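Notes follow once the structure below has been shown.
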Amino acid sequence: MSAPAGTLASSALAARTRARPREDERAERRSDLGPTLLCAVSATAIVGACLVIVALAAHAASFLSPTATAQRYPSWMSGPLSGLWPGAAPSGHELQWLVCGLLGLTFAAWVLVVLTASRVRPAWIIGAVVLAELILLLGPPMQYTDVFNYINYGRMGVLHHLDPYTTLPIHGPHSDPAFAISNWHHLRSPYGPLFTLFTYALVPLGVPASMWTVKVLMVVLTSGVLALVWRLARHFGRPPALAVAFVGLNPIVLIWGLGGVHIDVLMTLCALGAVSLLLAPPQRLPSWTPPEALAGVLLVAAVGVKASAVLFLPLAIAIAPRRRPLLIGLVGAGVVLGAATLAAFGPHLGGLRAQSKLVSPEGLPNLFGLIVGQGGDTTKLEDLITLAAGVVVLLAAVRAWRSPRTVMACGCAATCAVIFSLGWSAPWYVIWALPFAALAPARRWRVLLIVYTIYALVASCPTVFQIEHALHFLPRNGTLGAAHVRYFDALAAQ
C-alpha cells in the first residue's frame, strides 16, 4: 500500500530542511576560503620576511648587526642561522633598500592578517607568531646594542664594583668584553633598579650566555603578553585571534622590539598583567590574596623595570574594584623595592635625566616644533607637550572611572599620549599601546596605531636620510637638529 500524499510531502520537506544546514555550511566554508587563503599567504609573508632579514643580519657585519665591524662580530653573536644566506649578501645602499622593502612587505602583510584574522582558524595566527618568534630568537640582536648595554651595566656593578647609577661606563675598564660591544658609554644606567638587579644575576654566565638568556627571556615575555591579550579578548567578547595578530605580528614588535631585544615587553607584561587582575581576576586565587594587591605589586614591578610605567598608575587606580588593597599592594611593593634600591644603588636616578634630554630629529615633538616654526623640539615646547600628555593620562583615568566599558580605549589614549610626547621615542615603544588598541571596542584606535606604525617604520628605516634628502626635508641640519645629534653622539661616544 502506498503512503498518503501528505506523508510523502512531509517527508520531502523534512529532508530538504535537514539538507539546508549542510548547504549553508558548505556555502559558509566557500565564503571563508578567500579570507583564509589571504590570511595564510600574508602570515607566510611575515614569517618569510623575518627569516630573510635575520639571515641577512646573521650573514655578516652590517647596519643590521649590533656591531659595525667584522672584528667584533663573533659567531656566538650571529647565531645558528649565520650560514643560511646563500652566497654574498647585498651591501651598502642595496642592503638598506632591500630591508626597507622587506619591512614594507611585513607591514602590508600584517594589515591583511588583521583584516582577515577574525574569519580564520586561530591556529594560523598562533602558528605564524610562534614561527616568527623562533626565527628572531635564533638570530643576532637586530641593529641595536641595548642588550649589551644591559650586560655591561651589570658587569660594572658585579665584577668591577662600580655603581652603574653613579659611574659612567667610559670610566670603567675598557678591557671588559661587554664594553667594546656596548655604546652608551657616557650615560649612566637609565634602566629601573629591578631590571638592573636582574642583569647583576646574569654576570656569572658570561657575555655570550647572558645575551642568549636575555633573548630567550624576551620571547617568553612576548608570549606572556600575547597570552594576556588572548585572555582579555575573550573576557571582552573580542575575537582573540584578531587581537593577538594585531599585537604579535606587528612588524615593529617583531623586528625592532623582539629582534632588537628591548625590555619594554617586560614592562608591558607587568602593566597588562595588573590590568588583567583588576578587570578579570582568576577564580583560583587564594582568598587571602586580593587581586588588587597583586595588581599593585605588578605595577611597582613595571616601574622597577622602566620608570615610564608610572603612566599606568592613574588608570589602575581608576578601574580598581577595591582601591584599598590596590594601594596596600602599591605601597608594600614600593617600600620593598625602595629599600632594595637604596641598599644596592643608593638614592640615585642614574641616567634618566640625561636620557630624557635626548631628541630624535624624526621624533614627533621635533617635527611638531619644525611645523610651528620653533626650529625643532625646544625645552619650552617639550615641557608643554609633556604637560599635555600628563593631562591626557589623567583625563583618560577619569573617563575609565566614569565609564568602565571604555577602559581599553582609555588605556590606549594614555599610552599613545606619552609615546607621542617623548622627544626620544623609540619605535618599539608602540608595544605599550598595541594591547589596549587591540582590545578597544572602537576601530579608530587600531587605525591610529596602524598609522603610527607607518610613521615609526619610515622614521627608523635605514634609508630615512635618503628619503629626507629626496623630500628636501632635513630636520638634522638646523641649529636645534644639529645640537640634538651632537648630544646623542656625545652620550654614545667611544
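Just so we're clear, the structure is a prediction, and the values are computed from it rather than from any experiment.
- Rounding to the nearest 0.5 Å gives a distance of 6.5 Å between CG of L299 and CG of L326.
- Put simply, the side chain of D176 never gets that close to the backbone of M156: no donor and acceptor are under 3.5 Å apart.
- No donor-acceptor pair closer than 3.5 Å links the side chain of R476 to the backbone N or O of G481.
- For the pair R399 (side chain) and A397 (backbone), a donor-acceptor distance under 3.5 Å is absent.
- Here the side chains of I181 and M77 are in contact, with some heavy-atom distance below 4.5 Å.
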Checking ring pair (Phe, Tyr, Trp, His ring centres under 6.0 Å) for the pair F198/Y150: CA distance, chi angles, key distance, verdict? CA-CA 9 Å; F198 166 73; Y150 309 153; 9.2 Å; no
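- Using modelled atom types, one side-chain atom of H185 and one backbone atom of S182 make a donor-acceptor pair closer than 3.5 Å.
- Atoms CD1 and CG, from I454 and L457 in turn, are 8.0 Å apart once rounded to the nearest 0.5 Å.
- With sequence neighbours left out, E382 forms a side-chain contact (heavy atoms from CB on, under 4.5 Å) with P365, D377, T386.
- Within the model, atoms CE of M267 and CG of L194 stand 13.5 Å from one another, a figure rounded to the nearest 0.5 Å.
- At a cut-off of 3.5 Å, with distance as the only test, a side-chain donor of T453 or N250 sits close to an acceptor on the other residue.
- Side-chain contact between V247 and F436: absent, with no pair of heavy atoms (C-beta onward) separated by less than 4.5 Å.
- Side-chain contact between H262 and V147 is absent, with no heavy atoms from C-beta onward closer than 4.5 Å.
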Let me check something: any side-chain donor-acceptor pairs from residues 304-324 under 3.5 Å, sequence neighbours excluded? List them with distances.
unit_1: K306; atom_1: NZ; unit_2: D264; atom_2: OD1; d: 3.3
unit_1: K306; atom_1: NZ; unit_2: D264; atom_2: OD2; d: 2.7
unit_1: R322; atom_1: NE; unit_2: E292; atom_2: OE2; d: 3.2
unit_1: R322; atom_1: NH2; unit_2: E292; atom_2: OE1; d: 2.9
unit_1: R323; atom_1: NE; unit_2: I317; atom_2: O; d: 2.7
unit_1: R323; atom_1: NH2; unit_2: A318; atom_2: O; d: 3.2

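- In Y144, the OH atom is crowded: over 12 heavy atoms of neighbouring residues, nucleotides or ligands sit closer than 6.0 Å.
- Side-chain contact between P169 and Y153 is present, with heavy atoms from C-beta onward closer than 4.5 Å.
- Considering only heavy atoms from C-beta on, W401 stays 4.5 Å or farther from T406 through its side chain.
- When the side-chain contact (heavy atoms from CB on, under 4.5 Å) test is applied to L298, the partners found at least two apart in sequence or on another chain are A274, L277.
- H160 NE2: more than 12 foreign heavy atoms inside a 6.0 Å radius.
- A donor-acceptor pair is defined here as one N or O able to donate and one able to accept, closer than 3.5 Å; such a pair exists between the side chain of S421 and the backbone of V418.
- The OG1 atom of T268 lies 11.0 Å from the CG atom of L228; values are rounded to the nearest 0.5 Å.
- The backbone N or O of I170 sits less than 3.5 Å from a side-chain atom of H174, completing a donor-acceptor pair.
- Looking at K357 and R353, their side chains come closer than 4.5 Å, going by heavy atoms from C-beta outward.
- How far OG of S460 is from CD1 of I252: 6.0 Å, rounded to the nearest 0.5 Å.
- Of the N and O atoms on the side chains of R188 and T166, not one donor lies less than 3.5 Å from an acceptor on the other residue.
- Interatomic distance, CG of L254 versus CD of E133, reported as 7.5 Å (0.5 Å rounding).
- Legend: ring-ring contact (aromatic ring centres under 6.0 Å, His included) pairs involving residues 318-361, not counting sequence neighbours, sorted by first then second residue: Y165-F345, Y200-F345.
- Ring-centre distance between W424 and F488: below the 6.0 Å cut-off.
- Residue F465 qualifies as open at atom CZ: its count of foreign heavy atoms under 6.0 Å is 12 or below.
- Put simply, the side chain of P140 reaches to within 4.5 Å of the side chain of Y73, judged on heavy atoms.
- At least one donor-acceptor pair under 3.5 Å links the side chain of T415 to the backbone N or O of G411.
- Ring to ring, F179 and F148 are not that close: their centroids are 6.0 angstrom or more apart.
- For D163, there are no salt bridge (Lys or Arg N to Asp or Glu O under 4.0 Å) partners two or more places apart in sequence or in a different chain.
- A donor-acceptor pair is defined here as one N or O able to donate and one able to accept, closer than 3.5 Å; no such pair exists between the side chain of S276 and the backbone of G273.
- Heavy-atom contacts from other residues, nucleotides or ligands closer than 6.0 Å to CZ of R231 number more than 12.
- Under the 30°/60° scheme for interplanar angles, the aromatic rings of Y429 and W432 are found to lie parallel.
- Scanning for ring pair (Phe, Tyr, Trp, His ring centres under 6.0 Å) contacts around F63 gives an empty result, with sequence neighbours left out.
- In this structure, Q466 and W97 have side chains that are in contact, with non-hydrogen atoms separated by less than 4.5 Å.
- In terms of modelled atom types and a separation under 3.5 Å, the side chain of S210 and the main chain of L202 share a donor-acceptor contact.
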